[in-house]
Amino acid sequence: RKQRQEWEVKSLLEKIPADLITLDPHIIGRVDDASKDTLEKEKLETQANTTVRKIKLKQRGRSSASKLSTKKQRKKEITSREYRRQQVSEDHMKIKKKTRKFKIERKKSILDRFKSVSKD
């Protein structure tokens with residue numbers, strides 16, 4: 001693979017005219033005199049700033065693609081179920097609050113004492 005990449009680079013460089021390829025003589029002659037500690041710190045900082053990639057586990061065996069798709073589907077179903085449960089519970093809470101407000105706002109009349117009392 002590496003050899004093929006090198007071959008591709010070489011073939012592209014051959015296609016470019018030599019007049020276009022230039023090197024900065026100031027950069028070529030300069031030596032990086034930073035200490036090893038500072039280089040390590042810079043490397044750690046750049047690693048911390050980069051996003052963490054998810055490691056894909058290689059699956060062996062038959063129908064690994066179908067297994068992955070079923071796992072994804074199950075995960076979607078679980079999250080959608082949880083979302084629906086949350087919505088239903090929020091709806092129930094809203095209904096309870098409305099009925100409580102309605103019961104509180106309703107004033108008792110004088111004739112309420114003649115109504116039959118239901119046992120709940």
Side-chain angles (χ1 to χ4, degrees):
R1 180 178 178 177
K2 197 116 172 139
Q3 195 174 22
R4 183 173 45 153
Q5 288 177 348
E6 290 175 4
W7 179 79
E8 288 176 358
V9 170
K10 187 176 180 182
S11 65
L12 289 173
L13 286 174
E14 288 175 1
K15 290 180 183 179
I16 298 173
D19 299 337
L20 294 177
I21 302 172
T22 58
L23 299 173
D24 190 9
H26 301 290
I27 295 175
I28 293 173
R30 191 170 33 169
V31 177
D32 190 15
D33 45 332
S35 67
K36 187 176 181 181
D37 296 331
T38 57
L39 292 175
E40 288 178 2
K41 287 179 184 176
E42 289 176 1
K43 188 176 183 180
L44 290 174
E45 287 175 3
T46 56
Q47 287 178 353
N49 292 338
T50 58
T51 57
V52 179
R53 293 183 182 178
K54 292 183 180 178
I55 299 172
K56 292 183 180 180
L57 299 176
K58 292 184 179 180
Q59 292 191 356
R60 293 180 176 92
R62 294 184 180 177
S63 67
S64 61
S66 65
K67 288 179 184 177
L68 286 173
S69 64
T70 54
K71 283 183 184 179
K72 286 182 184 178
Q73 194 69 23
R74 286 181 192 156
K75 190 173 183 179
K76 285 181 185 178
E77 289 174 0
I78 290 171
T79 55
S80 64
R81 271 190 234 142
E82 290 173 359
Y83 178 75
R84 279 189 249 131
R85 286 180 187 159
Q86 185 179 4
Q87 291 295 323
V88 168
S89 64
E90 288 175 2
D91 291 342
H92 285 297
M93 294 298 288
K94 288 179 184 177
I95 291 170
K96 286 181 180 180
K97 286 181 181 178
K98 285 182 182 179
T99 55
R100 287 179 189 164
K101 287 180 182 178
F102 180 73
K103 288 180 181 178
I104 292 170
E105 292 174 0
R106 185 174 167 247
K107 294 181 180 180
K108 291 186 177 182
S109 70
I110 298 173
L111 300 175
D112 284 342
R113 71 175 101 162
F114 298 111
K115 288 185 179 178
S116 62
V117 180
S118 61
K119 294 179 182 180
D120 290 329

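Just so we're clear, the structure is a prediction, and the values are computed from it rather than from any experiment.
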Checking Thr38 now: which residues fulfil side-chain contact (heavy atoms from CB on, under 4.5 Å) with it, not counting sequence neighbours? Ala34, Ser35

Return the set of residues passing side-chain contact (heavy atoms from CB on, under 4.5 Å) with Glu90 (not counting sequence neighbours), or none when no residue passes. Gln86, Gln87

According to the salt bridge (Lys or Arg N to Asp or Glu O under 4.0 Å) rule, which pairs have a member within residues 73-82, sequence neighbours left out? Glu77-Arg81

Linking Ile, Leu, Val, Met, Phe, Trp and Tyr by side-chain heavy atoms under 4.5 Å, what else ends up with Trp7? none

Side-chain hydrophobic cluster, 4.5 Å single linkage: members besides Phe114: Leu111

Distance, nearest 0.5 Å, that separates CD of Glu8 from CD of Gln5: 7.0 Å

How many angstroms lie between atom CE of Met93 and atom CD1 of Ile95, to the nearest 0.5 angstrom? 11.5 Å

Just to verify, what does Ser89 make a side chain to side chain donor-acceptor pair (under 3.5 Å) with, not counting sequence neighbours? none

